[in-house]
Q: 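Below you will find the structure I want to go over with you.
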Amino acid sequence: MRKQISRRDVLKSSAALALDAVFASPVRAAAPEPTAITPDLVAAATKEGKLVFYSSMDLPVGEKLGKAFETAYPGITVQIERSGSERLFQRVAQEYGSNIHAADVINSADASHFIPWKKSGWLMPFVPEDVAKYFPDSYRDPDGMAVTTRLWLSSIAYNTNLVKAEDAPKSFADLLDPKWAGKMVKGHPAYSGTIMTTTFQLVRELGWPYLEKLSKQRVMQVQSSTDPPKKLSLGERAVMADGNEYGIVLLKEAGQPVEPVYPTEGTPTISGPTGIFAGAPHPNAAKLFQAWLHTRETQQFFVDFTGQYSVHAQVQPKAGRRKLSDIKLMKEDPAGVEAMTEEIKTRYARLFRV
């Protein structure tokens with residue numbers, strides 16, 4: 001059996017991040033000069049011929065991005081390794097502990113992962129031209145180690161065939177009503193970075209007593225944040241206690257009987273940064289992919305196709321979807337997540353008995 005490596009094994013002490021933003025820093029560090037997509041970079045990447053992408057994105061999303069990149073740059077194949085963010089974190093720790101450098105680029109649904117990776121020197125500084133021009137400083141690592149590729153929410157939702165709109169929960173507190181016992185589904189923070197971040201924000205805002213009460217509601221436990229929307233649409237459960245909001249939005253647009261709810265207490269917010277590993281076996285392909293991924297065109301495609309959000313200044317919301325600015329949000333705090341991860345895993349497993 002492989003040894004489970006905790007964050008404490010990777011990094012004994014946490015690096016400091018500002019509380020109100022993902023990568024905020026009071027002093028601008030010496031990030032590398034922005035890099036444009038040039039013929040020389042494309043040629044060097046094509047010569048390497050391959051890219052290995054560790055991804056927490058839904059597999060169809062990652063695969064569609066990979067195919068789009070391969071179409072844009074023939075001769076470079078993209079190998080997608082998809083898993084929950086907490087599992088990816090374990091995998092990276094195990095590989096680096098064995099001096100294995102398999103991945104070129106990684107996207108995590110848990111922004112706190114980049115704290116120990118940066119502290120350990122595992123990330124390569126690289127700033128795409130579009131990132132320098134159009135991404136807010138608060139969503140860029142000041143040393144160029146990572147950038148927020150996507151934003152999304154973890155919301156409540158309900159099946160409209162099973163729950164009337166007037167009876168649907170409007171808040172996290174409403175989920176504690178006995179009428180929802182045995183009728184809810186949620187993800188697991190030990191597997192999903194989205195649920196880890198969500199759980200941290202709920203504990204910070206509502207306290208552990210809230211989760212203790214929720215755990216007594218006989219909630220169906222699944223792994224990934226992508227699973228609750230699917231269970232909801234199939235009618236296996238009437239209410240989603242947490243899970244990715246974009247899954248609900250896309251299912252609703254496809255005609256499925258689901259409806260998102262943005263809780264009155266605020267909706268947990270999740271950032272998905274992407275970075276290049278310093279030991280990337282295909283460094284030029286990694287740079288090209290990182291630059292391409294954060295262009296306006298790719299970011300717009302990503303938003304339109306996935307129902308998530310972009311911080312690229314030129315990207316527009318898709319018509320008919322709610323704007324992030326119209327939703328009351330809970331604040332992110334990756335450093336707080338990093339410090340509480342082991343406690344969350346332990347206490348959650350004890351409460352929910354999973």
Side-chain angles (χ1 to χ4, degrees), residues 4-11 14-15 17 19 22-23 54-58 82-93 106-118 146 148-156 172 185-208 210-212 214-215 219 221-229 240-247 263 266-275 308 329-354:
Q4 291 295 299
I5 300 176
S6 73
R7 294 177 193 224
R8 292 188 180 92
D9 294 323
V10 180
L11 178 65
S14 172
L17 287 184
L19 300 184
V22 180
F23 294 120
Y54 281 13
S55 172
S56 62
M57 301 175 187
D58 298 7
R82 196 276 163 191
S83 187
S85 292
E86 305 310 315
R87 297 287 175 85
L88 284 176
F89 185 85
Q90 292 283 337
R91 179 173 178 174
V92 169
I106 191 163
N107 173 270
S108 177
D110 187 338
S112 74
H113 291 165
F114 289 83
I115 297 173
W117 290 339
K118 178 180 177 179
T148 297
T149 304
R150 55 193 183 118
L151 285 175
W152 66 101
L153 309 177
S154 178
S155 68
I156 297 173
F172 286 113
V185 60
K186 72 183 304 298
H188 199 301
Y191 178 87
S192 167
T194 295
I195 306 304
M196 173 60 73
T197 301
T198 297
T199 305
F200 168 80
Q201 292 179 28
L202 290 177
V203 169
R204 183 189 62 199
E205 301 298 327
L206 306 178
W208 279 108
Y210 167 75
L211 283 176
E212 183 176 2
L214 185 66
S215 70
V219 182
Q221 182 71 68
V222 293
Q223 288 190 327
S224 173
S225 69
T226 66
D227 293 333
M240 182 176 92
D242 63 24
N244 60 59
E245 173 250 9
Y246 63 84
T267 303
T269 309
I270 298 94
S271 289
T274 303
Q308 297 176 60
L329 303 176
M330 290 185 180
K331 289 184 177 180
E332 291 188 84
D333 178 7
V337 176
E338 200 275 338
M340 272 192 71
T341 292
E342 299 305 321
E343 178 186 353
I344 288 172
K345 287 181 179 179
T346 301
R347 294 187 68 166
Y348 187 93
R350 185 167 65 244
L351 288 175
F352 287 86
R353 298 180 180 180
V354 288

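Note that this is a predicted model, so its numbers are computed, not measured.
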Q: Is the side chain of Gln201 donor-acceptor paired with the backbone N or O of Thr269 at a distance under 3.5 Å, no angle test?
A: yes
Q: From the options Arg353, Gln221, His188, select the one residue that forms a side chain to side chain donor-acceptor pair (under 3.5 Å) with Tyr348.
A: Gln221
Q: So, Ser192 side chain and Gly84 main chain: donor-acceptor pair closer than 3.5 Å or not?
A: no
Q: Given Met57, which of Arg82, Gln308, Arg150 fulfils the side chain to side chain contact (heavy atoms under 4.5 Å, CB included) condition?
A: Arg150
Q: Give, for atom CD1 of Ile270 and atom OG1 of Thr198, the distance between the pair rounded to the nearest 0.5 Å.
A: 4.0 Å
Q: A side-chain contact here means heavy atoms from C-beta on lying under 4.5 Å apart; do Arg91 and Ser83 qualify?
A: no
Q: Between Ser215 (side chain only) and Glu212 (backbone N and O only), is there a donor and an acceptor less than 3.5 Å apart?
A: yes
Q: Side-chain contact test, heavy atoms from C-beta onward, threshold under 4.5 Å: evaluate it for Glu205 versus Phe172 and give yes or no.
A: no
Q: Give the minimum heavy-atom separation between Ala335 and Ile115, together with the two atoms involved.
A: CA-CD1, 3.6 Å
Q: State, with a plain yes or no, whether a side-chain heavy atom of Arg347 is found less than 4.5 Å away from one of Val203.
A: no
Q: Can you tell me how far OG of Ser85 sits from NE2 of His113, rounded to the nearest 0.5 angstrom?
A: 6.0 Å
Q: Flag the pair Leu211 / Leu214 as yes when at least one side-chain heavy-atom distance between them is below 4.5 Å, and no otherwise.
A: yes
Q: So which heavy atom on Pro263 is nearest to which on Thr267, and how close?
A: CD-OG1, 3.2 Å
Q: Is the shortest side-chain heavy-atom distance between Pro116 and Phe89 below 4.5 Å?
A: yes
Q: Which heavy atom of Ser155 sits nearest to which heavy atom of Glu245, and what is that distance?
A: OG-CB, 3.5 Å
Q: Of all heavy-atom pairs between Pro189 and Thr199, which one has the smallest distance, and what is that distance?
A: CB-OG1, 3.9 Å
Q: Find the distance between CD1 (Ile195) and OG (Ser154) and round it off to the nearest 0.5 Å.
A: 4.5 Å
Q: Does a donor on one side chain sit under 3.5 Å from an acceptor on the other, for Ser56 and Asn107?
A: yes
Q: Should Asp333 and Arg204 count as side-chain neighbours, where that means a heavy-atom distance under 4.5 Å?
A: yes
Q: I need the Glu86 CD to Asp110 CG distance, nearest 0.5 Å.
A: 4.5 Å
Q: With rounding to the nearest 0.5 angstrom, report the CD1 to CE distance, Ile156 to Met240.
A: 8.5 Å
Q: What are the two closest heavy atoms between Val337 and Thr197, and how far apart are they?
A: CG2-CA, 4.4 Å
Q: Does the side chain of Phe114 come within less than 4.5 Å of Ser108's, by heavy atoms?
A: yes
Q: Is Glu343 close to Trp208 at the side-chain level, that is, under 4.5 Å between some pair of heavy atoms?
A: yes
Q: For Tyr54 and Thr274, run side chain to side chain contact (heavy atoms under 4.5 Å, CB included): C-alpha distance rounded to whole Å, both residues' side-chain angles, the deciding distance at 0.1 Å, then the answer.
A: CA-CA 10 Å; Tyr54 281 13; Thr274 303; over 6 Å; no
Q: Ignoring hydrogens and geometry, is there a side-chain-to-backbone donor-acceptor pair from Asp242 to Gly187 under 3.5 Å?
A: yes
